[in-house]
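Take a look at the structure below.
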Amino acid sequence: MTRMPHAVGSLAIYLVLCSLLLAVGCRDKNSSTGSSSNSSSGSTDSGAILIGHYASMTGSEATFGVSTDQGLRLAVNERNAAGGVKGRKVEVKTYDNQGKAQESVTAVTRLIQQDKVVAVIGEVASSRSLAGGPVCQRAGVPMITPSSTNPDVTAIGDMISRVCFIDPFQGFVGAKFAHENLKFTKAATLFNRAQAYSSGLNQNFIESFKKMGGQIVSEQAYSDGDNDFSAQLTAIREAKPDFIYVPGYYTEVVNIARQARRLGVNVPLIGGDGWDSEELKNAGDALNGCYFSNHYSHEDQRPEVQDFVKKYQSAYGKVPDDLAALGYDAGRLLFDAMDRASSLSGKDLAAAIAATKNFPGVTGTITIDAQRNASKDAVMLEIHNGVPKYVATISPE
Amino acid sequence: MHVFELMLAADVPTMASGRVTQFLQTLLDGLTVGSLYALIALGYTMVYGILKFINFAHSDVFALGVHLPIWIAALFGIQGAAAGTVPPWYLGPIVLVLAMLSSGAVGFTIERLAYKPLRGAPRLNVLITAIGVSLLLQNLGQLPVQKLGNVPLPLMFGPYPRATPELLPPTVLFSFLGVRVRLVEVAVVGTALLLMVGLQYLIYNTKLGMAMRAVSFNTRTASLMGINVNAVISFTFVIGSMLAAAAGFLYALYYGGQAKQTADSMWVMLGLKAFVAAVVGGIGNVRGAVLGGLLIGLIEFFGVAYVSSNYRDAYVFIILILVLLLRPEGVLGKATVEKV
């Protein structure tokens with residue numbers, strides 16, 4: 001065997017590194033990231049107002065980011081066609097965080113420091129909003145999260161607000177629906193302990209369900225990256241619940257449902273807005289007869305909803321999920337606040353967002369309260385072959 | 001409300017047999033997943049046995065092995081659970097064989113391009129290269145390929161979870177004390193056993209296997225005896241990658257639903273567990289890898305079921321620490337004296 005000269009080895013490493021960079025470069029191009037790096041003071045050369053969006057365009061929750069971005073861009077295009085904001089066009093810059101909390105910090109920092117956006121929209125998952133939020137708060141740039149429901153997100157500070165309801169209410173909705181509409185008394189829960197959304201909602205549900213006189217017969221946890229739920233489901237099966245509350249995200253929910261049916265656990269699963277994705281179809285019939293709470297139903301006959309559904313369908317050729325609707329609402333609410341704000345400085349804009357009253361959104365009438373949260377009705381949807389159907393509306397107490 | 005009818009129809013175990021059912025169910029799940037760990041562990045152990053280095057890219061070959069069959073099945077028009085149909089039975093083995101062949105080609109290419117130029121270089125260089133190859137595969141496995149030139153193809157890979165193909169009907173073969181044994185479990189364990197027996201035969205009953213053992217024993221002497229060492233090493237990588245692809249195929253078959261993208265950290269964790277299995281069984285020892293895989297699978301599942309689901313990954317690594325402290329050569333490994 002001949003001994004290879006050292007240079008060849010170094011060359012191999014170099015080539016590997018080069019192709020690595022190439023792969024990363026290609027991925028960037030595929031997400032809808034604007035890769036041009038011309039950046040100047042809050043507005044582009046054309047004098048447009050720049051807003052930033054950080055989202056999971058790829059990764060395990062990819063449909064969250066893609067839907068939100070489509071909804072947001074629909075709002076932006078509509079506004080630009082109507083003359084823009086304060087006589088200027090609006091532009092969106094989207095950065096992909098691959099569904100990772102640490103990448104969210106990078107994305108938001110880049111939006112603020114490099115692109116100098118006037119406001120930030122994002123994220124869907126609460127853990128990632130909790131990572132990106134403090135960056136916005138420190139820099140004094142307003143952030144609107146379209147669909148993070150964990151209460152801690154807006155507690156970061158006065159720059160952070162949201163256009164969706166919060167989990168203490170969502171937990172109440174799930175508990176009330178199971179207890180009053182379905183007459184269930186024994187619940188088991190299975191939640192992701194690594195996600196703020198999932199563990200928070202689990203806690204909120206348990207509190208509400210116990211208060212109504214229900215019983216929690218088993219509480220089981222999993223973590224990010226787990227794909228085997230059989231041990232937890234076997235334990236749940238032994239506890240004989242009427243239903244299982246699964247406050248997780250759709251990729252896990254599909255696999256949990258399939259594994260539950262495999263083990264002969266045939267009680268319904270009930271979950272929250274983290275379920276909403278077209279990918280639920282991959283569960284086949286395992287999710288038939290299961291329910292989840294959500295922000296809106298596209299079957300709602302209100303003119304705002306039907307108008308939005310029509311516009312979204314003609315732009316993207318599919319029915320909008322709630323993430324798209326909330327992205328659309330977040331964008332429109334931001335423009336409304338920009339109209340009312342005396343200037344586009346972070347302080348003025350944040351004050352205008354916080355002063356929003358009775359804004360007619362697709363997902364309901366939005367009034368931002370003192371904690372910068374929105375209080376709205378929730379809907380319960382039933383899944384049949386991956387398609388959610390409207391069942392009930394539940395209002396705050 | 002068909003769900004509730006189903007619940008009545010299913011064999012709901014009585015309270016008395018509940019404990020027995022849980023034990024048997026855990027045993028079945030642990031052995032099934034353990035046999036997958038064993039298949040992956042074989043790849044680690046064979047490469048270590050011959051080259052004395054840990055192939056960190058092996059877990060990514062496994063992740064590719066999950067996604068390649070998804071694409072190959074799509075070429076045959078086989079869809080995920082959403083379609084609600086199951087293709088004829090013989091398409092499953094065809095997809096498996098094609099996935100193993102293409103993964104073998106990937107393994108061969110990796111060895112030729114990344115590791116062969118480093119033959120004789122310090123071991124650290126090879127190790128760092130393995131990490132580079134690992135990252136390269138994770139990211140290449142995320143590139144969405146939709147056409148070849150102008151020929152449109154089914155979507156390959158992509159940076160998001162993919163629906164796994166439905167290759168087997170959800171038939172329950174028999175029920176034993178409340179444990180339902182399905183066709184899928186039998187197919188997974190059966191295929192894994194078949195591959196392991198095949199490997200055993202290859203290593204101990206063929207000329208090529210003898211050459212592999214000779215190279216593993218002493219590379220220099222083996223080359224003096226006229227063995228083409230480079231060919232043997234290439235072959236080892238091909239076999240290891242094929243087994244990883246088989247494990248990936250069976251993994252998708254067993255769990256179904258959605259398989260996460262190749263850059264997700266879950267694949268690295270699964271690879272690490274298989275690596276622990278190889279160390280526990282005695283790294284470099286083929287039978288040890290199989291034993292270690294089954295052992296790790298059982299320990300993980302019994303730990304989760306009877307101690308707490310909060311420490312799923314911890315059980316495996318506690319076993320690693322115990323083995324390294326008490327019997328560092330592994331359960332079936334031979335103690336060797338390192339000559340300085």
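Side-chain atoms are counted along with the backbone in the values below, which use heavy atoms only and exclude waters and symmetry mates. First the proteins, then the strands, lettered A, B, ... as listed; each starts at 1.
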[X] side chain near [Y] side chain, heavy-atom distance below 4.5 Å:
| X | Y | value |
| --- | --- | --- |
| B:E185 | A:R262 | yes |
| A:D228 | B:F301 | yes |
| A:E238 | B:Q25 | no |

TODO: Only counting residues at least two apart or in another chain, list the ones meeting ring pair (Phe, Tyr, Trp, His ring centres under 6.0 Å) with B:Y255.
DONE: B:Y251
- [ ] Can you sort out the partners of A:Y245 under ring pair (Phe, Tyr, Trp, His ring centres under 6.0 Å), two or more places apart, ordered by chain and number?
- [x]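 A:Y245 satisfies ring pair (Phe, Tyr, Trp, His ring centres under 6.0 Å) with A:F205 only.
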Heavy-atom distance under 4.5 Å to chain B: side chain of [X], backbone, both or neither?
| X | result |
| --- | --- |
| A:N227 | both |
| A:E279 | both |
| A:A283 | backbone |
| A:S223 | neither |

Task: Closest heavy-atom pair and its distance - A:A231, B:V304 - done: CB-CG1, 3.2 Å
Would you mind checking which part of [X] comes under 4.5 Å of any heavy atom in chain A, side chain (CB onward), backbone (N, CA, C, O), both or neither?
| X | result |
| --- | --- |
| B:P170 | neither |
| B:E300 | neither |
| B:V33 | side chain |

Task: Pick from B:S308, B:G256, B:G80, B:G30 with the largest number of heavy-atom pairs that fall under 4.5 Å of chain A - done: B:G256
Task: Among B:Y254, B:Y306, B:F302, residue most engaged with chain A (heavy-atom pairs, under 4.5 Å) - done: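 Among the listed options, the one with the most contacts to chain A is B:Y254.
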If you tally heavy-atom pairs under 4.5 Å against chain B, which of [options] wins?
| options | value |
| --- | --- |
| A:V254, A:T251, A:T234 | A:T251 |
| A:S60, A:G386, A:A235 | A:S60 |
| A:V265, A:N255, A:L263 | A:N255 |

- [ ] Begin with the C-alpha distance, continue with both residues' side-chain angles, and end with the deciding distance and a verdict on side chain to side chain contact (heavy atoms under 4.5 Å, CB included) for A:T58 and B:Q261.
- [x] CA-CA 9 Å; A:T58 62; B:Q261 65 280 8; over 6 Å; no
TODO: Could you point out which residue of B:M269, B:M266, B:R312 forms a side chain to side chain contact (heavy atoms under 4.5 Å, CB included) with A:D226?
DONE: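 Of all the options given, the one that passes is B:R312.
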- [ ] May I ask you to say whether B:D264 pairs ionically with A:K100, meaning some side-chain N is under 4.0 Å from a carboxylate O?
- [x]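 Not counted as a salt bridge, because no side-chain N and carboxylate O are separated by less than 4.0 Å.
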